[in-house]
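Written below as structure tokens is the structure these notes are about.
Counting begins at 1 with the first residue of the sequence.
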Amino acid sequence: MRKKKGSSWLQEWWNTLGYLSVRDPVPVNVSYFFHFSDDPNASTGVKRAASLLVSTARFRRLVLSGDLTPETIGRGKTELCGVAWKYMFNACRVPHRGQDTYHLHDPSLHRHVVVLRRGNFYTFDFVDDSHNPLPQGIIEARLQQVVAIEDGRERLGVGFGVCTAGEGQVADDRDRLIRLDPKVKAGLEVIESAAVVVCMDITEPVSTGCGSVGFWHGGEGGGSNRWFDKPVEIIVTDNGKAGLLGEHSMMDGMPMVRFADCLVRNKYKDTMMQAPLDVTYIEELRGGVRDVFEDVGDGKFDCQEVAEMVAVGTNAFNKLVGDQELTANTFRGFGSREMKRAKMSPDAFVQVVIQLATTRLFGKSVGTYEASQVRVFKHGRTETTRSCSLETVELCQAMGMRNDGRGESCDVARKRRMGLFRKAAEGHVRYLKLAAKGQGVDRHMFGLKMLLKPREKVPALFNNPLFAASKTWRVSTSHLTHPEFDNWGWGEVVPDGVGIAYSIHPDRCVFNVTARRETNYSRRLSHLLDEALMEVW
């Protein structure tokens, strides 16, 4: 095996086999979403998007200049690898048959964003020559132009953004568009080289659940207003709700969390002061917006070939997202404050609760994945913390499918079970610490299997049914708590599994549970999580 000096031996294998060569649709299977809390001074999509773009420009400038303070972890302030930043802005996943690639564009040559509205694409510059944000008033005026143009049309745009949600035919669809007119390729390059994409949806969600569905994939019929291959899509709705959709291939969640933190901590009033409107910009209040595909010949997108391509993509997308169910659930009985008073790690506490709830859901303990970052290593990404352990199995057996006492007095039974609960939580913390040091087992076993030469006999371990079952992640979990996030999440990683994103606030726990609709797992598991939390407290 050869690798670049000082780099991770895992990097290329993980990026390609884990993501770029996988032919599953990017939405649901790869992307993750953040649902931001409301900004009380930005009650429209135009205002919210303008404010978020000012914050994006300021953060992007820190990244480009090298002035972004390195992230650190632990008491020793160990610096984390920052290679992910180069994939955040002015980058894009580009589909190819067999294996996709990632294109990085020179930020100094590309100062624009792309805005989608009703399935059409527009672009304008949002930073000046020094990469400072243009005045918020200018950005807001340009966004308003996009809305005015689109809302004045009688019909929706051609909507071929939905084709980026396809399975194996995405590269073919891209080639077909380029064959229509050579100038289509230039338009695609505008999208791919944009700093970020802003999706201005015409929806007005009210509940957290409805908003989360929109930010996750757009819902049925919503795929036309996305470009799923972009690493960052900022999404706003007409009533000022906002979120972010991240393409996972080259960048994990924590760098995106830091970017999102900048977005949500700077409110509309803050960004207005950070990027004030100067008299020198008055002339720029008009114009500056361009249709990305304005140079493409008249009627080229109105042909039957494009209509059929979009129809096929739309039907596939609607089926994909229609098969999914998302349940956003807030447990208000207690939160991290009480867990800490009990001298327990909040993350470990919730992970053990998840084991109890999912064991009751499936009738047995199953493979459970918690993502742990290993960015203390160069080009490090994640390792698996295996939450299902001998200790959690022992606890679940003692707790049973319901709190039935098992023949013991209530006080004796509770004391014994709480002892097992604490033991399981302590075991989880130990494993998590090992995984964070790169001493987990899953990436190591993956590397050993990759070292097998063509036609070399596969060791019996890799064909062992128990080994296969242990890495079938029917429960995929991750923890992220931010005071300005209402929700966040992703899709389940196996058809008969669940995805559980959770946040542990001082006074509450928030769970986002996803699963195939036919299983009815998401709503059932949400109830079981509430039940388990009350039972162990």
Side-chain angles (χ1 to χ4, degrees), residues 1-26 28-31 81 83-84 87 93-104 166-175 229 247-252 316 320 365-375 377-389 431 434-435 437-476 490-497:
M1 178 182 66
R2 293 186 298 175
K3 68 178 182 69
K4 294 180 180 178
K5 185 177 180 181
S7 181
S8 165
W9 58 265
L10 179 63
Q11 180 191 21
E12 185 174 353
W13 287 338
W14 190 251
N15 292 348
T16 55
L17 298 178
Y19 293 101
L20 296 178
S21 64
V22 176
R23 301 295 85 185
D24 294 334
V26 170
V28 176
N29 298 291
V30 179
S31 301
C81 178
V83 71
Y87 297 107
R93 180 172 176 159
V94 178
H96 298 278
R97 284 189 174 186
Q99 180 177 306
D100 297 347
T101 59
Y102 235 85
H103 287 193
L104 307 180
E167 201 157 352
Q169 81 283 2
V170 181
D172 292 339
D173 287 346
R174 187 176 189 273
D175 291 341
D229 287 331
E247 200 281 316
H248 207 334
S249 297
M250 306 301 288
M251 184 170 47
D252 295 309
L320 172 71
S365 296
V366 298
T368 306
Y369 179 111
E370 181 183 14
S372 304
Q373 68 171 350
V374 288
R375 291 170 58 219
F377 303 102
K378 186 176 181 181
H379 295 157
R381 294 193 59 173
T382 62
E383 173 57 287
T384 302
T385 292
R386 287 174 167 254
S387 305
C388 179
S389 65
Y431 200 118
L434 289 172
K437 296 176 183 177
Q439 296 177 16
V441 300
D442 286 278
R443 303 299 181 264
H444 180 70
M445 299 305 293
F446 174 74
L448 289 177
K449 190 171 184 179
M450 290 302 301
L451 287 175
L452 291 172
K453 298 176 182 178
R455 294 183 295 278
E456 183 177 355
K457 183 179 179 181
V458 177
L461 171 64
F462 293 116
N463 292 322
N464 188 297
L466 180 60
F467 179 78
S470 76
K471 62 186 185 69
T472 300
W473 308 118
R474 292 190 69 186
V475 181
S476 173
W490 67 92
E492 72 285 349
V493 299
V494 295
D496 59 345

remark   = In terms of heavy-atom contacts, A435 and V374 come closest through O-CG1, 3.2 Å
ask   = Looking at T101 and H96, what are the two nearest heavy atoms and their distance?
value = OG1-NE2, 3.1 Å
inquiry  = Are F446 and T384 packed together at the side-chain level, in the sense that at least one heavy-atom pair is separated by less than 4.5 angstrom?
reply    = no
key: W13 CH2 to L451 CG distance, which is reported to the nearest 0.5 Å   = 4.5 Å
ask   = Excluding sequence neighbours, so at least two apart, what forms salt bridge (charged side-chain N to carboxylate O under 4.0 Å, His left out) with R93?
value = D100, E247
task = Applying side chain to side chain contact (heavy atoms under 4.5 Å, CB included), name anything that partners A84, two or more places apart in sequence or on another chain.
result = M251, P255
message = Nearest 0.5 angstrom please: W9 CH2 to H379 NE2, how far?
response = 15.0 Å
remark   = Residues at least two apart in sequence or cross-chain that pass side chain to side chain donor-acceptor pair (under 3.5 Å) with W473, listed by chain then number, are none
task = Compare all side-chain heavy atoms of M450 with those of L10 and state whether any distance is below 4.5 angstrom.
result = no
Atom pair CG/CD of L20 and E12 - distance to nearest 0.5 Å = 10.0 Å
inquiry  = Suppose we screen for side chain to side chain contact (heavy atoms under 4.5 Å, CB included). Which residues come up paired with Q169, at least two apart in sequence or across chains?
reply    = E167, D173
note = side chain to side chain donor-acceptor pair (under 3.5 Å) filter on T385, not counting sequence neighbours, yields S372
task = Identify, with sequence neighbours excluded, every residue that meets side chain to side chain donor-acceptor pair (under 3.5 Å) alongside N15.
result = R381
request  = Indicate the atoms forming the closest heavy-atom contact of D229 with P95, along with that distance.
outcome  = OD2-CD, 3.8 Å
request  = Assess whether side chain to side chain contact (heavy atoms under 4.5 Å, CB included) is satisfied between W490 and S476, documenting all intermediate values.
outcome  = CA-CA 9 Å; W490 67 92; S476 173; 3.4 Å; yes
ask   = With D496, which residues qualify under salt bridge (charged side-chain N to carboxylate O under 4.0 Å, His left out), at least two apart?
value = R474
message = If the condition is salt bridge (charged side-chain N to carboxylate O under 4.0 Å, His left out), which residues does D172 pass it with, not counting sequence neighbours?
response = R97
message = Please enumerate all residues that pass side chain to side chain contact (heavy atoms under 4.5 Å, CB included) together with Y87, with sequence neighbours excluded.
response = Y102, L104, M250
remark   = Residue pairs passing the salt bridge (charged side-chain N to carboxylate O under 4.0 Å, His left out) test with at least one member in residues 438-451, sequence neighbours excluded, are E383-R443, R386-D442
request  = Might you point out which heavy atoms bring T472 and V494 nearest each other, and give the distance in Å?
outcome  = CG2-CG1, 4.3 Å
request  = Would you sort out whether V441 and Y431 count as a side chain to side chain contact (heavy atoms under 4.5 Å, CB included), showing the intermediate values?
outcome  = CA-CA 10 Å; V441 300; Y431 200 118; 3.7 Å; yes
Sequence neighbours excluded and cut-off under 3.5 Å, please list the side-chain donor-acceptor pairs for residues 455-471, or say none.
| unit_1 | atom_1 | unit_2 | atom_2 | d |
| --- | --- | --- | --- | --- |
| E456 | OE1 | K453 | N | 2.7 |
| N464 | OD1 | L466 | N | 2.8 |
| S470 | OG | F467 | O | 2.8 |

message = Other residues, nucleotides and ligands only: do more than 12 of their heavy atoms fall within 6.0 Å of NE2 on H444?
response = no
task = Could you tell me which residues satisfy side chain to side chain contact (heavy atoms under 4.5 Å, CB included) with S387, sequence neighbours excluded, listed by chain and number?
result = Q351, Q355, T368, E370, H428
query = What are the two closest heavy atoms between F377 and K437, and how far apart are they?
reply = CZ-O, 3.2 Å
